[in-house]
There are 2 protein chains.
Amino acid sequence: MSLIIQNIEKHVQLTAEEKELFLSKTEIHHYKAKSILLSSGEICKYSYFVNSGILRSFNINDNIVEHVLNFACEGWWIGDMYSLLSQKPGNLFIQVLEDAEIVLLSKKNQEELYLEIPKLERFFRILTENSLVANQERLMDGLSLSAEERFEKFCKKHKDLIHKVPQKQIASYLGVTPEFFSKMKAKMLKRT
Amino acid sequence: MSLIIQNIEKHVQLTAEEKELFLSKTEIHHYKAKSILLSSGEICKYSYFVNSGILRSFNINDNIVEHVLNFACEGWWIGDMYSLLSQKPGNLFIQVLEDAEIVLLSKKNQEELYLEIPKLERFFRILTENSLVANQERLMDGLSLSAEERFEKFCKKHKDLIHKVPQKQIASYLGVTPEFFSKMKAKMLKRT
DNA sequence: TTTTGCACTTAACCTAGATTAAGAAGTTAT
DNA sequence: ATAACTTCTTAATCTAGGTTAAGTGCAAAA
């Protein structure tokens with residue numbers, strides 16, 4: 001059973017025909033590490049589901065400073081929600097960090113599927129709700145926790161990622177510079 | 001035509017009967033400024049839609065420090081998404097800042113409505129999507145903008161709120177202390 | 001009308017985290 | 001293997017924003 005169908009069936013049940021229809025509207029692609037799936041200024045045409053590998057979304061400040069919005073690994077969705085919904089040019093990049101197998105679902109097919117399989121409207125509603133809750137928590141953490149506390153929370157939540165992605169990108173996700181992150185990490189280790 | 005129906009019809013069209021059914025599943029309440037509609041530790045049972053007045057959601061740190069998550073004025077929805085979805089105790093407060101007329105939609109009724117009027121599944125999906133996009137932008141702003149820049153953005157986006165809510169709460173929303181906010185504001189005025 | 005209590009300001013001092021710079025260590029390509 | 005890059009570390013110095021504290025102005029009790 002494909003990972004993406006399992007993912008959907010966590011929230012809504014599909015018949016065999018519905019599964020087939022769904023899969024017929026997706027494409028599977030393989031990408032090497034460092035590939036860019038979406039660039040700032042482009043219109044996002046797909047939702048990306050990760051079968052294997054690791055992706056990240058980030059934007060680049062006027063300056064040249066990157067800020068990581070999200071990581072996605074096995075079983076996660078990623079995309080530029082703003083651009084995907086508005087069909088206007090976004091300001092996110094989506095990049096492969098570790099060789100990846102990705103399921104692509106185009107916006108057009110997604111909307112057709114909403115009409116053909118209304119249950120999917122529910123699925124994506126729930127997916128978006130969960131994503132919103134996670135984002136709100138991260139927002140509040142940014143307002144109320146120190147960098148150390150945010151890092152500890154990150155470690156608990158993303159054990160797998162810590163040794164797989166360059167730490168400068170974890171620093172960026174947490175909202176600190178790589179230099180400060182390195183210093184902080186050393187201090188935390190010494191304390192243990 | 002009631003404000004909440006107008007709000008829904010921005011995204012999906014309802015028949016006269018559907019409108020009636022929807023409204024029959026809501027309650028209208030009036031609250032005085034400072035009322036608390038939801039406290040930390042409680043399970044959130046309603047989505048709140050603001051007909052008039054102003055609400056805010058916030059949490060309180062171990063310390064005693066408040067952090068404003070959101071403001072809601074006329075035509076906006078507010079709630080504790082985490083608690084509402086999980087039906088577990090949340091950590092948000094929801095409070096009235098200016099005398100308000102509020103439409104309450106219980107979780108139970110909302111779920112019944114999804115079955116009775118599947119179009120509403122679409123409506124709430126779109127609502128949640130838009131909310132997620134706004135949250136992601138705020139998150140990125142927190143990572144990449146200075147307090148001044150965040151304040152300028154806030155002013156453009158919420159002209160109405162600036163003179164209606166205590167500025168210590170705007171400070172909190174922006175993630176700075178009231179003292180720093182006051183200093184920053186004075187500096188910005190002098191510069192003009 | 002006085003008092004109590006917030007909201008706001010100002011100012012001195014403090015610190016988490018940024019910046020700059022330079023070297024060490026690990027990767028990738030040749 | 002070696003060159004060329006990138007990531008990570010360390011350290012000195014700097015600053016946006018926090019903390020503490022005292023004072024002002026104003027609205028709601030009493």
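Note on naming: letters A, B, ... go to the chains in the order of the sequence lines (proteins, then strands), and numbering restarts at 1 for each one.
- Straight-line distance from the CD atom of A/E66 to the C1' atom of D/dT7: 13 Å, rounded to whole Å.
- Between B/H163 atom NE2 and C/dA7 atom P the separation is 18 Å, expressed in whole Å.
- To the nearest angstrom, C1' of D/dG18 lies 16 Å from CG of A/L145.
- When the nucleotides C/dG17, C/dT10, D/dC8 are ranked by their closest atom to the side chain of B/S182, C/dT10 comes out on top.
- Rounded to an integer number of Å, the gap from B/I170 CD1 to C/dC8 P is 9 Å.
- Atom pair B/M184:CE and C/dT10:P shows a separation of 14 Å (rounding to whole Å applied).
- Of the possible donor and acceptor atoms, none in the side chain of A/D99 sits under 3.5 Å from a partner among the backbone N and O of A/K32.
- A donor-acceptor distance shorter than 3.5 angstrom exists from the side chain of A/E149 to the backbone of A/S146, with no hydrogens or angles considered.
- At C/dA16, none of the side-chain N or O atoms of A/R150 fall inside 4.0 Å of OP1 or OP2 (strictly under the cut-off).
- In the set D/dT7, C/dG17, D/dG17, the nucleotide with an atom closest to the side chain of B/F180 is D/dG17.
- One end of the helix from C/dT1-D/dA30 to C/dT30-D/dA1 points its axis 50° away from the other end's axis, with each axis taken from 5 pairs and the angle rounded to 10°.
- Nearest-nucleotide assignment on DNA chain C puts the 5′-proximal partner with B/P166, out of A/E148 and B/P166.
- For B/F181 and C/dT10, the CZ to P distance is 13 Å, given to the nearest whole Å.
- Side-chain proximity of B/V176 to the nucleotides C/dA7, D/dT7, D/dG17 is greatest for D/dG17.
- Taking 4.0 Å as the cut-off between side-chain N and carboxylate O, B/E121 and B/R125 do not count as a salt-bridged pair.
- Rounding to whole angstrom units, NZ of residue A/K190 and P of D/dT10 are separated by 9 Å.
- Looking at B/E152 and B/K156, no side-chain N of the basic residue comes within less than 4.0 Å of a carboxylate O on the acidic one, giving no salt bridge.
- Ring-plane geometry between B/W77 and B/F123 is classed as tilted, the angle between the planes lying from 30 to 60 degrees on a 0 to 90 degree scale.
- Across all strands shown, B/K34 has no heavy atoms under 4.0 Å from either base or sugar-phosphate atoms.
- Of the candidate nucleotides C/dT9, D/dG17, D/dT10, D/dG17 has the atom nearest to the side chain of B/K183.
- At least one side-chain heavy atom of A/L23 sits under 4.5 Å from a side-chain heavy atom of A/S2.
- Closest to the A/Q167 side chain, of the nucleotides C/dG17, C/dT9, D/dC8, is D/dC8.
- For the pair A/E149 CD and C/dG17 C1', the computed distance is 15 Å after rounding to whole Å.
- A donor-acceptor pair under 3.5 Å is absent between the side-chain atoms of A/S131 and the main chain of A/T128, judged by distance alone.
- Comparing atom distances between the A/T177 side chain and each of C/dG17, D/dA16, C/dA18 picks out C/dA18 as nearest.
- The side chain of B/K168 places no N or O atom within less than 4.0 Å of a non-bridging phosphate oxygen (OP1 or OP2) of C/dT9.
- Within the nucleic acid shown, B/E179 comes within 4.0 Å of at least one base atom, counting heavy atoms only.
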Can I get a per-line list of side-chain donor-acceptor pairs under 3.5 Å for residues 161-180 of chain A, giving both atom names and the distance, sequence neighbours left out?
unit_1	atom_1	unit_2	atom_2	d
A/S172	OG	A/E66	O	3.2
A/S172	OG	A/V68	N	2.8
A/T177	OG1	A/F180	N	3.2

